[in-house]
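To start, the structure under review is shown below, and the notes come after it.
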Amino acid sequence: MPGRLPLFDLPVVEAARALIGARLLLDGVGGIIVETEAYDRDDPASHSVRGPTPRNAAMFGPAGRAYVYRSYGMHWCLNVVCGPVDHGAAVLIRALAPTDGLDVMRARRGGVADRLLCSGPGRLCQALAIDRSHDGLPLDAPPFALVPAAGPAAIVTGPRIGITKGVETPWRFGLRGSPYLSRRFAEAAG
DNA sequence: CTTTCGATGATCT
DNA sequence: GATCATCGAAAGG
């Protein structure tokens with residue numbers, strides 16, 4: 001399987017950490033992943049908790065593919081399916097530090113400040129023009145590209161955002177100090 | 001600065 | 001019919 005990345009096969013929480021610092025591009029447009037969240041198979045917050053459905057089918061397929069779904073009727077969200085085949089776990093990509101195709105992203109995002117181009121799961125999908133047509137596609141092959149981080153990243157951890165179940169599980173991960181996070185992490189004082 | 005709230009439609013019960 | 005893995009504008013301190 002050419003181009004397949006080892007991190008795809010990690011347990012989903014480890015994969016969510018490993019994806020921090022990786023570069024994600026679609027048609028050459030994108031940036032460095034700075035924020036992720038893990039969603040596991042029997043996780044009350046996960047779309048996969050009640051088993052396969054038409055919407056979440058990609059979560060139960062091979063790792064390394066995209067799971068794209070519509071959120072609140074108007075946004076798209078991108079996940080990386082991770083773990084064993086058919087396991088039903090995925091990493092939500094929540095924010096990028098934009099590095100490639102800035103002008104394209106600015107146009108798609110209606111001229112917002114650069115720090116808001118990809119600082120949120122809905123925002124980054126708008127900036128990269130991700131939609132349902134990308135559901136199930138491999139993320140390490142065209143039109144996508146996914147380049148792992150060169151070395152270990154400084155990672156901050158906290159509870160996931162916007163959910164009503166599993167609210168205390170600390171499966172949100174961010175690149176420490178990045179100005180492109182969708183929200184700040186509550187870092188320890190001192 | 002913070003909190004609140006409407007938009008908007010697929011998905012699942 | 002209820003529930004959203006969100007965003008941005010508006011209102012309040």
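Just so you know, these numbers come straight off a predicted model, no measurement behind them. Lettering of chains follows the sequences in order, A, B, ..., and the numbering in each one begins at 1. Computed from heavy atoms alone, side chains included, the values below leave out hydrogens, waters and symmetry copies.
One finds no salt bridge joining A:R4 and A:D140 here, because no Lys/Arg side-chain nitrogen approaches an Asp/Glu carboxylate oxygen to under 4.0 Å.
Side-chain contact between A:F60 and A:S48 is present, with heavy atoms from C-beta onward closer than 4.5 Å. When side chains are defined from C-beta on, A:W171 does not count as touching A:T157, because their heavy atoms never get closer than 4.5 Å.
Remark: the A:S182 side chain and the A:R94 side chain contain an N/O donor-acceptor pair separated by less than 3.5 Å. Side-chain N/O atoms of A:T99 and A:R23 include a donor and acceptor closer than 3.5 Å. Donor-acceptor pairing under 3.5 Å is lacking for the side chains of A:R108 and A:Q126. Side-chain N/O atoms of A:D40 and A:H87 include a donor and acceptor closer than 3.5 Å.
The nearest whole Å value for the distance from the CZ atom in A:R55 to the P atom in B:dT13 is 10 Å. In this entry the distance linking NE2 of A:H75 with P of B:dG9 reads 12 Å, nearest Å. In this entry the distance linking CH2 of A:W76 with C1' of B:dT8 reads 13 Å, nearest Å. The nearest whole Å value for the distance from the CZ atom in A:R132 to the P atom in B:dG9 is 16 Å. If you take OH of A:Y69 and C1' of B:dT8, they are 16 Å apart, rounded to a whole angstrom. The separation between A:M74 atom CE and B:dT11 atom C1' is 15 Å, rounded to whole Å.
Among the atoms of the strands shown, only primed sugar atoms or phosphate atoms (P, OP1, OP2) are found under 4.0 Å from some heavy atom of A:R109. Contacts of A:S182 with the nucleic acid, taken as non-hydrogen atoms under 4.0 Å apart, are absent. Counting non-hydrogen atoms under 4.0 angstrom, A:L92 reaches a base of the nucleic acid.
Under the Watson-Crick and G-U wobble criteria, each requiring two contacts below 3.5 Å, nucleotide B:dT8 is left unpaired. When both distances must be under 3.5 Å, the Watson-Crick or G-U wobble mate of C:dA5 does not exist.
Between A:P52 and A:S71, the one whose closest nucleotide on DNA chain B sits nearer the 5' end is A:S71.
Chain A approaches DNA chain C within less than 4.0 angstrom (heavy atoms of the protein), and the contacting nucleotides run 5' to 3' from C:dC4 to C:dG8.
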